[in-house]
K.L.:
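Sending over a structure as structure tokens; questions will come in a sec.
For this chain, numbers begin at 1 and follow the sequence in order.
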Amino acid sequence: QTQLVESGGGLVQPGGSLRLSCVGSGFTLDYYAIGWFRQAPGKEREGVSCISSRGGNINYGDSVKGRFTISRDIFENTVYLQMNSLKPEDTAVYYCAAGGRYHNNNYYCPLKLESIEFGSWGQGTQVTVSS
């Protein structure tokens, strides 16, 4: 059974940091592009960041560029999202997802992160930024 499990969310003050983890079981994350998405109450799901299979390309949403960093640990079968300088508007449920656009034996991140490009999803982890 393939599964993605997110962890690392919590309550943090503005300006603080969190590191989210996305662990895969039943399949190898490095074969796929892994995206991070978030959804705040009453808002549409938003693409945050993506790393392609084998880490060939990475992209970020405009609202998190310069503050968030995505990375892989292939030995731990985990993808991380390091979030720094957090703002109240970063408050949301964060999801990781596996998929991407297939080409020449690799899965790439689409230029515009949209959830339809990703087929397997985790259950989400809550991030709350508040003083």
K.L.:
Quick one: pull up CZ in R38 and OG in S63 and give me the separation to the nearest 0.5 Å.
P.N.:
4.0 Å

K.L.:
If you take all heavy atoms of F37 and G47, which pair is closest and at what distance?
P.N.:
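Where F37 meets G47 most closely, the heavy atoms are CD2-CA, 3.5 Å.
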
K.L.:
How close do V23 and L29 get, heavy atom to heavy atom, and via which atoms?
P.N.:
C-CD1, 4.4 Å

K.L.:
Taking all atoms of both residues into account, what is the closest heavy-atom pair of V127 and G9, and its distance?
P.N.:
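Here V127 and G9 meet closest at CG2-CA, 4.1 Å.
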
K.L.:
Would V48 and V93 show up in the same hydrophobic cluster when neighbours are defined by side-chain heavy atoms closer than 4.5 Å?
P.N.:
no

K.L.:
Looking at Q123 and E6, would you say the former's side chain and the latter's main chain have a donor-acceptor pair under 3.5 Å?
P.N.:
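Here the side-chain-to-backbone pair exists.
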
K.L.:
Who passes salt bridge (Lys or Arg N to Asp or Glu O under 4.0 Å) against R19, sequence neighbours left out?
P.N.:
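Expected list: none.
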
K.L.:
With a 3.5 Å distance limit and no angle check, can you tell me whether S49 reaches the backbone of N59 through a side-chain donor-acceptor pair?
P.N.:
yes

K.L.:
Does atom CD of E89 have more than 12 heavy-atom neighbours from other groups under 6.0 Å away?
P.N.:
yes

K.L.:
Can you tell me which residue pairs pass the ring-ring contact (aromatic ring centres under 6.0 Å, His included) test with a partner in residues 12-31, sequence neighbours excluded?
P.N.:
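Residue pairs with at least one partner in residues 12-31: F27-Y32.
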
K.L.:
Give me the atom names and distance for the closest heavy-atom approach of A97 to L4.
P.N.:
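Looking at all heavy atoms of both residues, the shortest contact is CA-CD1, 3.8 Å.
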
K.L.:
Rounded to the nearest 0.5 Å, what separation is found between the OH atom of Y94 and the CZ atom of R45?
P.N.:
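If I round to the nearest 0.5 Å, the distance is 13.0 Å.
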
K.L.:
Could you see if L18 belongs to whatever hydrophobic cluster contains I51? Use Ile, Leu, Val, Met, Phe, Trp, Tyr and a side-chain cutoff under 4.5 Å.
P.N.:
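Looking at the clustering, I51 is in the same group as L18.
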
K.L.:
Kindly give the heavy-atom pair with the smallest separation between P14 and S131, and that separation in Å.
P.N.:
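Residues P14 and S131, closest heavy atoms: CD-N, 3.7 Å.
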
K.L.:
Taking it one step at a time, do D73 and T78 satisfy side-chain hydrogen bond (donor to acceptor under 3.5 Å, both in side chains)?
P.N.:
CA-CA 5 Å; D73 184 330; T78 300; over 6 Å; no

K.L.:
Does D30 reach the main-chain N or O of R54 with its side chain, forming a donor-acceptor pair under 3.5 Å?
P.N.:
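The answer is yes, because a donor-acceptor pair under 3.5 Å joins these two groups.
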
K.L.:
Return the minimal non-hydrogen interatomic distance between C22 and I34, and the atom names on each side.
P.N.:
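Smallest interatomic distance, heavy atoms only, reads SG-CG2, 4.5 Å.
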
K.L.:
State plainly whether one hydrophobic cluster holds both F68 and I70, where clusters connect Ile, Leu, Val, Met, Phe, Trp and Tyr through side-chain heavy atoms under 4.5 angstrom apart.
P.N.:
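Yes, same cluster.
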
K.L.:
What distance separates L11 CG from Q126 CD, expressed to the nearest 0.5 Å?
P.N.:
9.5 Å

K.L.:
Quick one: does any side-chain atom of S52 pair with a main-chain N or O of N57 as donor and acceptor, under 3.5 Å?
P.N.:
yes

K.L.:
Same cluster or not: M83 versus Y80, using hydrophobic residues (I, L, V, M, F, W, Y) connected whenever any side-chain heavy atoms lie under 4.5 Å apart?
P.N.:
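Looking at the clustering, Y80 is in a separate group from M83.
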
K.L.:
Within the structure provided, determine whether Y102 and S53 are in side-chain contact (heavy-atom separation under 4.5 Å).
P.N.:
no

K.L.:
Kindly indicate, with the supporting measurements, whether the criterion side-chain contact (heavy atoms from CB on, under 4.5 Å) is fulfilled by S17 and N84.
P.N.:
CA-CA 4 Å; S17 298; N84 298 329; 2.9 Å; yes

K.L.:
For residues 99-131, which residue pairs pass the disulfide bond (SG atoms under 2.5 Å apart) check, not counting sequence neighbours?
P.N.:
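Sorted result for residues 99-131: C50-C109.
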
K.L.:
How are the rings of W121 and Y95 set to each other: parallel, tilted or perpendicular (split at 30° and 60°)?
P.N.:
perpendicular

K.L.:
Check the pair D90, R67 against side-chain contact (heavy atoms from CB on, under 4.5 Å), reporting the backbone distance first and the verdict last.
P.N.:
CA-CA 11 Å; D90 294 318; R67 301 188 298 122; 2.7 Å; yes

K.L.:
Do I58 and Y60 have side chains that get closer than 4.5 Å, going by heavy atoms?
P.N.:
yes

K.L.:
Is T128 reaching over with its side chain to a backbone N or O of T91, donor-acceptor style, under 3.5 angstrom?
P.N.:
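No.
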
